[in-house]
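Contents: one structure, followed by commentary.
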Amino acid sequence: IPNLFQHQDNAIKNIVKFERNTIISSGTGSGKTESFLIPVLNECTKSEITGIKAILIYPTNALANDQVDRLRDILFTLNKKREQVGKREITFGIYTGPTARTIFGKPGELNRDLIYLSFRCPSCHRNDALKCDQENGKVILTCRHEKDVKIKFQIFTREELQNNPPDILITNYSMLQRIMVTQKDKPLFEKNKIKFLVLDEIHAYGGAKGVDVALLLRRFKRRLLKNSFEKQNIICVGTSATMSKASDAQIRKRKIAEF
């Protein structure tokens with residue numbers, strides 16, 4: 001891939017070619033997200049089988065929502081190209097506390113939690129241009145300014161996530177813990193093809209929270225191996241701009257390796 005920074009190229013090779021667990025530690029705005037998103041999207045494009053391929057875990061809902069906007073823009077362009085060659089759309093969804101439970105409130109009426117949502121359109125680039133609508137019993141996004149823009153690759157409700165798991169699931173660690181023990185969420189992990197488990201801003205998981213998250217991930221990986229569509233290596237990726245503040249480069253590398 002041309003025009004990559006050295007740390008991006010190193011991370012992508014480590015993840016894709018060598019399939020190693022990887023820590024990406026570089027400055028704010030240096031392209032850490034692309035370092036794991038390129039391998040994730042590469043995995044999604046190779047498979048025509050539906051189901052979760054990657055789980056992206058964020059410490060706060062605000063960070064998760066920022067990633068949703070970014071991923072929507074990327075997939076809008078990528079899925080257009082895939083549609084032209086007859087391939088299915090790559091899908092994604094966010095599963096956090098505010099995620100609506102069902103598509104409809106009253107019969108025939110869109111859930112109130114969805115009616116008031118609005119997003120920036122990846123086509124006309126206007127804020128609050130995208131609004132939720134429904135088509136054939138599914139939630140879609142339509143643009144108020146460009147009537148031909150319809151986004152069907154984003155999954156909005158828990159009901160839809162459970163019935164048709166996306167390729168990429170965005171969540172937080174507390175919701176992941178809840179998903180693991182909820183019977184209704186069991187379909188998310190049945191015959192899954194999860195290959196990537198990504199934790200953004202890993203410096204946020206220190207102290208008691210860090211122990212809690214470490215144990216959660218161990219339980220989760222055991223669950224994945226038990227219910228995976230086919231046995232495969234699960235690659236864990238962590239990102240942070242502040243893993244270590246040591247002035248010596250070798251000390252910083254050692255601290256990151258120990259983490």
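Every heavy atom of this structure was used, including side-chain atoms; hydrogens, water molecules and symmetry mates were not.
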Between N111 and T102, what is the shortest heavy-atom contact and its length?
ND2-O, 3.0 Å
Could you tell me the separation between the CZ atom of R72 and the OG1 atom of T77, rounded to the nearest 0.5 Å?
12.5 Å
What are the two closest non-hydrogen atoms of V237 and I24, and how far apart are they?
CG1-CD1, 3.8 Å
Mind checking whether I57 and V198 have side chains closer than 4.5 Å, heavy atoms only?
no
Look at the side-chain heavy atoms of Ile, Leu, Val, Met, Phe, Trp and Tyr, link any pair under 4.5 Å apart, and say whether I115 and I103 land in one connected group.
yes
N/O donor-acceptor pairs under 3.5 Å from side chains in residues 138-145, not counting sequence neighbours:
unit_1	atom_1	unit_2	atom_2	d
R144	NE	D128	O	3.4
R144	NH2	D128	O	2.7
H145	ND1	R126	NH1	2.8

Flag if over 12 foreign heavy atoms under 6.0 Å of CD, E83
no
Polar side-chain atom of K131 near backbone of F119 as donor-acceptor pair, under 3.5 Å
no
Does this structure show an ion pair linking R101 with E160, if we count only N-O contacts that are shorter than 4.0 Å?
no
Can you tell me how far apart CZ (F36) and CZ (F196) are? Round to the nearest 0.5 Å.
11.0 Å
How long is the gap from CG on N163 to OG1 on T157, to the nearest 0.5 Å?
8.0 Å
Under the criterion side-chain contact (heavy atoms from CB on, under 4.5 Å), I'd like the reasoning laid out for L56 against T171: C-alpha separation, chi angles, the key distance, then a yes or no.
CA-CA 6 Å; L56 314 183; T171 188; over 6 Å; no
Walk me through it: do Q8 and S35 pass the test side chain to side chain donor-acceptor pair (under 3.5 Å)?
CA-CA 5 Å; Q8 292 174 320; S35 300; 4.5 Å; no
Side-chain ion pair, D167 and K193, N-O less than 4.0 Å:
no
Any side-chain to backbone donor/acceptor pair from S47 onto C44? Under 3.5 Å, distance only.
no
If we ignore angles and hydrogens, is there a donor and acceptor under 3.5 Å between the side chains of N10 and Q6?
yes
Relative to the ring of F189, is the ring of F220 parallel (under 30°), tilted (30 to 60°) or perpendicular (over 60°)?
perpendicular
Indicate yes or no for a side-chain donor-acceptor contact from D212 to the backbone of A208 under 3.5 Å, with no hydrogens or angles considered.
no
Nearest 0.5 Å, please: how far is CG in L130 from CG in L117?
11.0 Å
Using the rule side chain to side chain contact (heavy atoms under 4.5 Å, CB included), only one of T60, N172, I170, V68 pairs with T96; which is it?
N172
Do T91 and I168 touch side chain to side chain, with heavy atoms closer than 4.5 Å?
no
Minimum side-chain heavy-atom gap Q162-Y95 below 4.5 Å
yes
With rounding to the nearest 0.5 Å, note down the distance linking CD1 in I155 to CG in L169.
9.0 Å
Check this for me: R219, atom CZ, are more than 12 non-hydrogen atoms of other residues, nucleotides or ligands nearer than 6.0 Å?
yes
Between S240 and K32, the two heavy atoms sitting closest are O-CD, 3.8 Å
To the nearest 0.5 Å, what is the distance between CG on D69 and CG on N127?
9.0 Å
N233 to E19 - nearest heavy-atom pair and separation:
ND2-O, 3.2 Å
Does the side chain of L216 reach to within under 4.5 Å of the side chain of L176, using non-hydrogen atoms?
yes
Same cluster or not: are L217 and L215 linked, directly or through other Ile, Leu, Val, Met, Phe, Trp or Tyr residues, by side-chain heavy atoms under 4.5 angstrom apart?
no
NZ/NE/NH1/NH2 to OD/OE distance under 4.0 Å, E34 and R70
yes
Note: E201 and P59 closest approach over all heavy atoms is CB-CG, 3.9 Å
What's the verdict on side-chain contact (heavy atoms from CB on, under 4.5 Å) for E89 and R82, showing C-alpha distance, side-chain angles and the deciding distance?
CA-CA 7 Å; E89 290 187 314; R82 288 176 63 80; over 6 Å; no
Lys/Arg N to Asp/Glu carboxylate O, K53 vs E43, below 4.0 Å
no
I235 vs K195 side-chain heavy atoms within contact, under 4.5 Å:
yes
Would Q67 and Y58 count as a side chain to side chain donor-acceptor pair (under 3.5 Å) if you check the C-alpha gap in whole Å, the side-chain angles of each, and the deciding distance to 0.1 Å?
CA-CA 9 Å; Q67 187 61 60; Y58 291 84; 2.8 Å; yes
Where does the angle between the aromatic ring planes of Y205 and Y173 fall among parallel (under 30°), tilted (30 to 60°) and perpendicular (over 60°)?
perpendicular
Without swapping roles, check the side chain of E146 against the backbone of V149 for a donor-acceptor pair under 3.5 Å.
no
Taking 4.0 angstrom as the limit, do E159 and K184 come out as a salt bridge?
no
So which heavy atom on G137 is nearest to which on F104, and how close?
CA-CZ, 4.2 Å
Please tell me if the side chains of T239 and I202 come closer than 4.5 Å, counting only heavy atoms from C-beta onward.
no
Using the side-chain contact (heavy atoms from CB on, under 4.5 Å) rule, take I52 and L188 through it: C-alpha gap first, then chi angles, then the decisive distance, then the call.
CA-CA 7 Å; I52 299 173; L188 285 170; 4.1 Å; yes
Check the pair I90 / L78 against side-chain contact (heavy atoms from CB on, under 4.5 Å), numbers first and verdict last.
CA-CA 8 Å; I90 296 171; L78 181 58; 3.7 Å; yes
Without swapping roles, check the side chain of R120 against the backbone of A129 for a donor-acceptor pair under 3.5 Å.
no
With heavy-atom distances below 4.5 Å as the criterion, would you say the side chains of V85 and K81 are in contact?
no
Listed partners of N14 passing side-chain contact (heavy atoms from CB on, under 4.5 Å), at least two apart:
F18, R20, T22
Do side-chain atoms of R223 reach the backbone of M180 as a donor and acceptor pair under 3.5 angstrom?
yes
Check whether any side-chain heavy atom of L199 sits under 4.5 Å from a side-chain heavy atom of C236, and report yes or no.
no
Please tell me whether Q177 and S174 have a donor and an acceptor in their side chains that are separated by less than 3.5 angstrom.
no
